[in-house]
Amino acid sequence: MAEKTIFTRIIDGEIPGNFVYQDEHCVAIRDINPAAPVHVLVIPRKPIPSIADLAPEDHAVAGHLLMVVKKVAEQEGVAKSGYRVVINAGDQGGQTVPHLHIHILGGKQLYGHGTA
Ligand code: AMP
């Protein structure tokens, strides 16, 4: 079996995570190295390595993740002021954790299209 990702270890309670949302399909945790005042990661419980690995059976969870992004942005108080949603994929995309996750960045003015 493949080694657990750091996000699966957080989801399984093996290492601490700062959870801001949880449901049966996904969790949201604060990024340990925030690039903005609000920096939350929405992560499916299923350890899909990357957006490139989404399979037809992941259709519902993929859509669900976006609904949770919306909910967490409201909860974090950035829905009105605006925020950025980022998914890094693969080496050149800058992905460092091989477990699909959506960054929510907000709480300050963001420019361009980077993550900070
Ligand atoms: P990416 O570069 O898109 O793969 O993003 C991975 C993100 O996970 C980075 O922003 C890291 O700061 C964050 N991260 C790594 N380890 C942890 C952790 N233990 N708890 C919370 N966030 C983490």
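By convention here, the first residue in the shown sequence is residue 1. Indexing begins at 1, ligand by ligand and atom by atom, following the structure's order.
Alongside V97, the hydrophobic cluster contains I6, F7, I10, I11, I15, F19, V27, I29, L41, I43 (criterion: ILVMFWY side chains under 4.5 Å).
Taking K46 as the reference, D58 meet the salt bridge (charged side-chain N to carboxylate O under 4.0 Å, His left out) condition, with sequence neighbours excluded.
Formation of a donor-acceptor pair under 3.5 Å by the H101 side chain with backbone atoms of A28 is not found in this model.
Closest non-hydrogen pair, Y83 versus G106, comes out as CB-CA, 4.2 Å.
Near ligand 1, I6, F7, I10, I29, R30, D31, I32, N33, L41, N88, G94, Q95, T96, V97, H101, H103 each place a heavy atom less than 4.0 angstrom from the ligand.
Note on residues 59-75: pairs passing side-chain hydrogen bond (donor to acceptor under 3.5 Å, both in side chains), not counting sequence neighbours, are D23-H64.
V40 places a side-chain heavy atom less than 4.5 Å from the side chain of E76.
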